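Worksheet for the structure shown next.
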Amino acid sequence: MAEKKIRTIGVLTSGGDAPGMNAAIRAVVRRGLSTGLKVKGIYKGYSGLLNEEITDLTGKDVSDTIERGGTILYTARCAEMRTEEGQQQAVEICRKHGIDGLVVIGGDGSFAGAQKLANLGINTIGIPGTIDMDIACTEYTIGFDTAVNTAMQAIDKVRDTSTSHERCSIIEVMGRNAGYLALWCGIANGAEDVLIAEKYDYDEQNLINHIIESRKKGKKHHIIVNAEGVGHSEAMAKRIEAATGIETRATILGYMQRGGSPTCKDRVYASMMGALAVDLLAAGKTCRVVGYRHGEFVDFDINEALAMQKNVSQYMWEVCDSLSHNYDKNETSLKR
Ligand code: ADP
Ligand code: F6P
């Protein structure tokens with residue numbers, strides 16, 4: 001892509017919100033201003049862009065936002081942006097408002113929109129913002145740390161009552177098709193079982209056998225962390241209760257995982273990524289997505305980033321499994 005000098009940048013948040021998005025917006029605004037750029041905030045993602053919900057942002061406009069969850073620019077999903085007409089219109093609106101550089105904070109879908117705008121001549125940079133951590137080019141996405149801590153704390157609480165009642169508890173965590181939130185909670189909460197779409201073989205009888213054996217060995221609770229990608233926790237709870245005779249309850253954590261004040265890690269990573277996005281635009285770069293890899297903040301071509309695959313670490317999965325199953329080889333095997 002040809003490098004082009006820019007004067008005014010826009011920033012929007014798109015797709016599901018994530019704690020830390022405000023820290024990223026703040027960084028874009030303040031780094032932009034300090035680089036001599038004008039900064040415009042675009043409300044409600046691509047939808048607000050197409051409706052021209054655009055305003056100038058000052059450094060003061062982002063005061064008192066770094067500690068707040070959600071996104072002060074609001075977010076939306078926008079079907080029109082998937083069409084060529086919508087993308088052409090978005091470019092015309094950017095030009096009308098003098099926006100020659102755009103920072104898009106969101107997930108892969110949002111980056112696909114940014115890629116289309118880049119192809120049509122608007123310099124764009126993506127920042128990974130999603131609690132799902134499912135963006136292949138980066139080891140970290142804004143919001144994951146807060147969300148996984150929120151889920152971990154909630155699961156600790158369910159565990160207390162599960163133990164008191166000697167129940168089996170299935171706790172469903174978000175993540176869309178990706179099992180990162182579930183796997184991390186599985187390890188952090190010491191769950192007896194973790195079900196993620198990437199690894200679960202859907203052999204429910206095996207799971208039931210495990211619950212029964214575990215109870216025979218004196219376990220007072222049985223915590224199953226179930227990823228959204230596997231889902232159907234309520235129905236699963238009914239089947240497990242019928243098969244084992246052990247009271248089983250399902251808890252779907254839901255949207256609470258997307259809210260709350262961002263952790264230090266989310267604030268710092270979001271600030272670094274926001275600043276890097278502006279630095280790339282100021283250097284005339286376009287069609288890039290920023291990320292974090294091997295201890296560094298880096299950037300990739302969006303086309304390459306979208307083509308990358310991300311897999312759950314086999315080693316992490318094995319460690320998770322070995323800490324909840326078969327850890328004492330002298331005991332009767334808890335075969336899965
Ligand atoms: P996320 O960014 O979290 O992956 P979505 O997949 O819902 O969330 O995408 C957010 C928005 O990005 C969509 O509502 C749409 O406006 C835009 N988008 C998604 N895919 C494309 C695409 N292929 N082309 C253009 N815009 C897209
Ligand atoms: O991408 C974040 C996420 O919370 C996923 O974990 C979940 O599948 C999805 O968004 C829910 O989206 P919505 O806000 O449209 O219900």
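Positions are given from 1, in the same order as the sequence printed here. In listed order, ligands and their atoms are each counted from 1. On a predicted model such as this, the values are computed, not experimentally measured, just so you know.
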- prompt: Is Phe111 reachable from Val278 through a run of hydrophobic residues whose side-chain heavy atoms are each under 4.5 Å from the next?
  reply: no
- prompt: Just heavy atoms, cut-off under 4.0 Å: does Gln115 contact ligand 1 by side chain, backbone, both, or neither?
  reply: neither
field: Ligand-side contact atoms (ligand 1) for residue partner Gly113, heavy atom cut-off under 4.0 Å
entry: 25 (C), 26 (N), 27 (C)
Ring centre gap for His210 and His222 strictly below 6.0 Å: yes
message: Give me the residue, atom name and distance of the protein heavy atom closest to atom 22 (C) of ligand 1.
response: Ala112 CB, 3.6 Å
- request: Identify, by atom number and element, the atoms of ligand 1 in contact range of Ser14, meaning under 4.0 Å from any of its heavy atoms.
  value: 10 (C), 11 (C), 12 (O)
query: Just wondering, more than 12 heavy atoms not from Phe297 lying within 6.0 Å of its CZ?
result: yes
task: Answer yes when Lys310 and Asp134 have at least one side-chain N-carboxylate O distance shorter than 4.0 Å, and no when they do not.
output: no
query: Going by the atom numbers of ligand 1, which of them fall below 4.0 Å from some non-hydrogen atom of Ser110?
result: 1 (P), 2 (O), 9 (O), 10 (C), 12 (O)
- request: Could you list the atoms of ligand 1 found under 4.0 angstrom from a heavy atom of Cys78?
  value: 13 (C), 14 (O), 15 (C), 16 (O)
- request: Can you pull out the closest protein heavy atom to atom 7 (O) of ligand 1? Residue, atom name and distance to 0.1 Å, please.
  value: Arg77 NH1, 2.9 Å
- prompt: Of all the atoms in ligand 1, which lie at a distance below 4.0 Å from a heavy atom belonging to Gly107?
  reply: 1 (P), 2 (O), 3 (O), 4 (O)
task: Find the distance between SG (Cys78) and CG (Leu49) and round it off to the nearest 0.5 Å.
output: 8.5 Å
- prompt: Are the charged groups of Glu247 and Arg249 less than 4.0 angstrom apart, N to O?
  reply: yes
message: Could you check whether any heavy atom of Asp108 sits closer than 4.0 Å to an atom of ligand 1, since that is the contact criterion I want to use?
response: yes
Shared hydrophobic cluster, Val289 / Val28 (ILVMFWY, side-chain heavy atoms < 4.5 Å): no
field: Residues Arg176, Glu228: salt bridge by 4.0 Å N-O rule
entry: no
message: If the contact criterion is a heavy-atom separation under 4.0 Å, does Gln87 count as touching ligand 1?
response: yes
Shortest protein contact, atom 25 (C) of ligand 1 (heavy atom only): Met81 O, 3.3 Å
- prompt: Backbone N or O of Cys137 within a donor-acceptor pair of the Arg293 side chain at under 3.5 Å?
  reply: yes
query: Does anything in residues 45-63 pair up under salt bridge (Lys or Arg N to Asp or Glu O under 4.0 Å), and if so which pairs, sequence neighbours excluded?
result: Lys40-Asp56, Lys44-Glu53, Glu52-Lys96
field: Proximity of Lys116 to ligand 1 by residue part, where a heavy atom lies under 4.0 Å
entry: side chain
- request: Taking the six-membered ring of Phe144 (Phe, Tyr or Trp), confirm whether the NZ or CZ of Lys265 is under 6.0 Å from its centre and within 45° of its axis.
  value: no
Per-pair distances, ligand 2 N/O vs protein N/O, less than 3.5 Å:
{"residue": "ligand 2", "atom": "1 (O)", "partner": "Asp132", "partner atom": "OD2", "Å": "2.7"}
{"residue": "ligand 2", "atom": "4 (O)", "partner": "Arg258", "partner atom": "NH1", "Å": "2.8"}
{"residue": "ligand 2", "atom": "6 (O)", "partner": "Asp132", "partner atom": "OD1", "Å": "2.7"}
{"residue": "ligand 2", "atom": "6 (O)", "partner": "Gly175", "partner atom": "N", "Å": "3.0"}
{"residue": "ligand 2", "atom": "6 (O)", "partner": "Arg176", "partner atom": "N", "Å": "3.4"}
{"residue": "ligand 2", "atom": "6 (O)", "partner": "Glu228", "partner atom": "OE1", "Å": "3.4"}
{"residue": "ligand 2", "atom": "8 (O)", "partner": "Glu228", "partner atom": "OE1", "Å": "2.9"}
{"residue": "ligand 2", "atom": "8 (O)", "partner": "Glu228", "partner atom": "OE2", "Å": "2.8"}
{"residue": "ligand 2", "atom": "10 (O)", "partner": "Arg258", "partner atom": "NH1", "Å": "3.0"}
{"residue": "ligand 2", "atom": "12 (O)", "partner": "Arg77", "partner atom": "NH2", "Å": "3.1"}
{"residue": "ligand 2", "atom": "14 (O)", "partner": "Arg258", "partner atom": "NH1", "Å": "3.1"}
{"residue": "ligand 2", "atom": "14 (O)", "partner": "Arg258", "partner atom": "NH2", "Å": "3.0"}
{"residue": "ligand 2", "atom": "15 (O)", "partner": "Arg77", "partner atom": "NE", "Å": "3.3"}
{"residue": "ligand 2", "atom": "15 (O)", "partner": "Arg77", "partner atom": "NH2", "Å": "3.0"}
{"residue": "ligand 2", "atom": "16 (O)", "partner": "Tyr255", "partner atom": "OH", "Å": "2.3"}

